Amino acid sequence: LDARLGDNIAGSFADAEVKLASIPLDIADASGRWDYTGGKVTIGGASFLLTDREEPDRFEPLVARDAGLTLEDSIVLSQATLRNPGTDRIVTIADIRHNLATGAGHADLDVPGLVLDDQLQPDELSARALGVIANAEGTITGKGRIDWAANGEVTSSGTFGTESLDFAAA
């Protein structure tokens with residue numbers, strides 16, 4: 001962690017890990033810039049590796065570059081474009097809003113056009129697809145949303161589709 005003092009407090013960070021007990025996702029190898037000005041924390045230009053702590057994993061690790069986060073008045077806003085590390089293809093764009101005071105929030109997930117072909121297959125995104133679908137070719141698009149309430153209730157919704165997806169049942 002590097003800090004510079006002046007009209008604000010700002011700096012950079014590297015090799016950071018983030019693990020929150022209530023969220024089964026871990027961030028590793030995080031680096032970026034941070035700034036604290038006028039009661040607002042801003043993180044920008046961040047890169048990291050996102051992994052699932054659930055057993056079995058729901059998804060394979062994803063990487064982000066140029067992610068951002070702000071914290072002001074107990075509201076966390078975050079955005080990240082999450083990519084498959086092997087192909088650098090965008091898997092989803094995540095926009096997150098979380099209220100620290102209430103514990104409620106949501107994540108909007110946008111899949112703008114995930115291409116499946118000989119370079120990227122469903123089992124490389126989630127081991128749960130292994131033995132279910134193989135030899136996939138096509139593009140998937142869609143939007144999803146995960147909401148969490150102060151009482152711990154979690155709901156999700158979304159619509160995903162394809163105009164043409166060829167695959168073999170495994």
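Start at 1 with the first residue, then count along the sequence. Since the model is a prediction, treat every value here as computed from it, not as a measurement.
- We find the CG-CG distance between Leu62 and Asp52 to be 9.5 Å, quoted to the nearest 0.5 Å.
- In the hydrophobic clustering of ILVMFWY residues, with side-chain heavy atoms under 4.5 Å counting as a link, Leu165 and Leu120 come out together.
- At a threshold of 4.5 Å between side-chain heavy atoms, the hydrophobic network of Ile, Leu, Val, Met, Phe, Trp and Tyr places Leu71 and Ile75 in two separate groups.
- Linking Ile, Leu, Val, Met, Phe, Trp and Tyr whenever their side-chain heavy atoms come within less than 4.5 Å leaves Val18 and Ile96 in two separate clusters.
- Take Lys143 and apply the salt bridge (charged side-chain N to carboxylate O under 4.0 Å, His left out) test, not counting sequence neighbours, and it matches Asp110.
- Contact annotation: the side chain of Val111 approaches that of Phe160 to within less than 4.5 Å [non-hydrogen atoms, C-beta and beyond].
- Side-chain atoms of Arg145 and His106, non-hydrogen and from C-beta on, do get closer than 4.5 Å to each other.
- Between the CZ atom of Phe59 and the CZ atom of Arg128 there is a distance of 10.5 Å, given to the nearest 0.5 Å.
- Thr70 and Thr42 are not linked by any side-chain donor-acceptor pair at a separation below 3.5 angstrom, with hydrogens and angles left out of the test.
- Cluster partners of Ile90 are Ile93, counting Ile, Leu, Val, Met, Phe, Trp and Tyr whose side-chain heavy atoms approach within less than 4.5 Å, directly or via other members.
- Counting non-hydrogen atoms of other residues, nucleotides and ligands closer than 6.0 Å to CG of Asn151 gives a total above 12.
- How far CG of Asp166 is from CG of Asp117: 12.0 Å, rounded to the nearest 0.5 Å.
- Between Arg97 and Asp95 there is no side-chain heavy-atom pair separated by less than 4.5 Å.
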